[in-house]
Amino acid sequence: MRILHVVGARPNFMKAAPVIREMANYPGLFSQLLLHTGQHYDRQMSQVFFDELDLPHPDVNLEVGSGSHAWQTAQIMMGFEPILIDFDPDWVVVYGDVNSTMACSVVCSKLDYQVAHVEAGLRSYDRRMPEEINRLVTDQLAELLFTTSDEAIHNLEREGVDRSKVHFVGNVMIDTLVHLLPKAQDKWSHLSSLYPYDRYLLVTLHRPSNVDDLATLVEIMSALDEISGEIPVLFPVHPRTRERIIEFGLQPDKSKLIFLEPLGYLDFLALQAHATLVLTDSGGIQEETTYLGVACLTARSNTERPVTISMGTNQLVESSSEALLSALRSRLAHPGAQKSIPPLWDGQSARRIVQVFQEITNR
Ligand code: UD1
């Protein structure tokens, strides 16, 4: 079975790694090609993950880079088409909800290649999010849909996706976490000498809704500035966010806010595991904190991952200074104990995905 994996942006890498590794255990069954679209390209946004996750060097890198949604999507589609025809795979496996995921799914379905979508069925029901459009389109086109939760299955059923295409396999991102947590913990003694705090708040922000709007980013930065007087704040800054902070002149003067470069997988996982509280707008971090039992505030009005609220440690918060400060103070006073880990978030999801492909081969 010829498998073409598509990755493009930071959150794809930790999802693809366990699937590629599991397939590599069956060399007689799978022949794999790894394509990187180059949507993310800085060392700290891309190469560091290949190194730390033991991902093979991409066979093809389209080196598309940054641009508007239409430009980036079109570049990916044009670069991907000849590679697809040349490799002629039985399945193309796409991950998550970034522009690369949708762009390659569209190319495949026009040329009659079958798409398997890992992390299908997540819905925020907010079409202002570019990722929601990517999720909707990809799931309509996919022939195999691998889901992380019950809600995802219901969402797909509601959209008329044939139930026989949907497989509840759990969360591949948690496969990577389980696999690499011991290695991340080995980095803790070095990190804790750099950041010698018993308690700290870990922050990540990159959603356009939070960082591209001046008024919203001012509210968030003012809350972070103020809370940094009460607890050290570690803030690895995404390139999009860094550009906006500089553009809007929002770097606080005397704040104890500690800005860091984007971190590699292991450093960030170690900092997450030891954090008192995490404030984020990322999708994956809502899931990782739930698994780790670390309190999490998500600066968004909705989430496509509601299981992290119903079973996990996540809580949504509005991106106003007042709401953020109130939620931060209240969670810092009562970070809240571990609730539970969602079903099948057990480190075995890639194995289940590969089993589905094996069953298809045997049909
Ligand atoms: C993308 C994904 C988002 C994901 C996020 C994780 C889409 C629509 N968005 O958002 O779902 O959560 O990745 O990071 O696919 N930049 C660099 N270096 C890089 C990459 C980007 O400097 O390696 C800068 C560029 O100025 C670029 C900006 O960051 O314009 C945004 O990058 P882009 O890939 O468009 O979107 P993200 O915000 O990273």
Side-chain angles (χ1 to χ4, degrees), residues 6-16 35-51 53 58 61-77 79-80 94-106 117-120 122-124 126-139 173 176 203-213 216-217 220 235-248 259-265 268 272 278 280-288 298-300 302-305 308:
V6 173
V7 295
R10 185 166 65 173
N12 289 158
F13 307 135
M14 43 292 241
K15 294 169 193 167
L35 178 135
H36 188 346
T37 64
Q39 179 175 344
H40 284 174
Y41 44 87
D42 285 351
R43 187 184 148 69
Q44 283 303 103
M45 299 296 286
S46 179
Q47 185 58 46
V48 67
F49 294 92
F50 281 78
D51 298 343
L53 303 172
N61 190 331
L62 300 180
E63 295 184 354
V64 160
S66 304
S68 70
H69 286 285
W71 184 91
Q72 190 175 60
T73 306
Q75 294 295 319
I76 296 168
M77 291 171 81
F80 178 63
V94 298
Y95 299 85
D97 56 15
V98 301
N99 284 346
S100 304
T101 312
M102 184 204 64
C104 294
S105 302
V106 172
H117 185 203
V118 175
E119 203 187 77
L122 299 184
R123 295 291 179 271
S124 63
D126 177 359
R127 292 198 181 186
R128 290 167 305 174
M129 278 183 88
E131 293 81 2
E132 184 74 353
I133 309 301
N134 294 340
R135 293 188 279 256
L136 280 161
V137 173
T138 304
D139 286 340
M173 201 159 192
T176 294
V203 177
T204 81
L205 296 165
H206 73 282
R207 293 260 158 247
S209 59
N210 279 326
V211 306
D212 285 359
D213 176 55
T216 309
L217 193 55
I220 295 173
F235 185 2
V237 187
H238 186 283
R240 173 193 282 279
T241 312
R242 185 183 54 218
E243 277 174 24
R244 298 298 172 269
I245 289 176
I246 295 168
E247 181 188 335
F248 299 150
F259 286 109
L260 309 174
E261 289 300 308
L263 296 172
Y265 183 80
F268 189 75
Q272 244 188 123
V278 174
T280 190
D281 57 11
S282 144
I285 294 169
Q286 298 172 53
E287 300 183 334
E288 289 170 345
T298 297
R300 284 176 47 189
N302 51 55
T303 177
E304 62 290 332
R305 292 162 162 92
T308 59

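Not measured: the values here are computed from a predicted model. Just follow the structure's listing: the first ligand is 1, and inside any ligand the first atom is 1. In this chain, residues are counted from 1 in sequence order.
Under 4.0 Å from ligand 1, the heavy atoms of M45 that appear belong solely to its side chain. Here P11 has side-chain heavy atoms under 4.0 Å from ligand 1, and that is the only part of it that gets that close. With a heavy-atom cut-off of 4.0 Å, E131 touches ligand 1 through its side chain alone.
Considering only non-hydrogen protein atoms, atom 22 (O) of ligand 1 sits nearest to P239 CB, 3.2 Å. Protein heavy atom closest to atom 7 (C) of ligand 1, with residue, atom name and distance, is Q39 NE2, 3.6 Å. Looking only at protein heavy atoms, the nearest one to atom 4 (C) of ligand 1 is H206 NE2, 3.7 Å. Among protein heavy atoms, atom 34 (O) of ligand 1 sits closest to H40 NE2, 3.3 Å. In terms of protein heavy-atom proximity, atom 2 (C) of ligand 1 is closest to V98 CG1, 3.8 Å. At the shortest separation from atom 25 (C) of ligand 1 among protein heavy atoms lies S66 OG, 3.3 Å. Of all protein heavy atoms, the one closest to atom 18 (N) of ligand 1 is D42 OD2, 2.9 Å. If you check which protein heavy atom lies closest to atom 38 (O) of ligand 1, you get R240 NE, 2.7 Å.
Closest approach of A299 to N210, counting heavy atoms only: O-ND2, 2.9 Å.
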Would you check, one step at a time, whether the test side chain to side chain contact (heavy atoms under 4.5 Å, CB included) holds for F80 with T37?
CA-CA 8 Å; F80 178 63; T37 64; over 6 Å; no
Are F13 and H40 close enough, and set up right, to give a ring pair (Phe, Tyr, Trp, His ring centres under 6.0 Å), and what steps lead you there?
CA-CA 11 Å; F13 307 135; H40 284 174; 7.5 Å; no
Please assess V64 against Q75 for the test side chain to side chain contact (heavy atoms under 4.5 Å, CB included), listing each intermediate value before the final yes or no.
CA-CA 6 Å; V64 160; Q75 294 295 319; 3.7 Å; yes
Does N302 form a side chain to side chain contact (heavy atoms under 4.5 Å, CB included) with M129? I'd like the steps, not just the answer.
CA-CA 10 Å; N302 51 55; M129 278 183 88; 4.3 Å; yes
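Those atoms of ligand 1 with a heavy atom of E243 less than 4.0 angstrom away are 25 (C), 26 (O).
Checking only distances, H69 never comes within under 3.5 Å of ligand 1, N or O to N or O. Residue R242 places no N or O, backbone or side chain, under 3.5 Å from any N or O of ligand 1. At least one N or O atom of Y41, backbone or side chain, sits closer than 3.5 Å to an N or O atom of ligand 1.
Ring planes of F50 and H36: parallel class, angle under 30° (limits at 30 and 60°). Ring geometry, H238 versus H206: the interplanar angle falls under 30°, so the pair is classed parallel (tilted spans 30 to 60°).
Using modelled atom types, one finds a donor on one side chain and an acceptor on the other under 3.5 Å when comparing S66 with Y41.
For the pair T176 (side chain) and M14 (backbone), a donor-acceptor distance under 3.5 Å is present.
The side chain to side chain contact (heavy atoms under 4.5 Å, CB included) with T101 is formed by just one residue from the set V118, N12, V6; it is N12.
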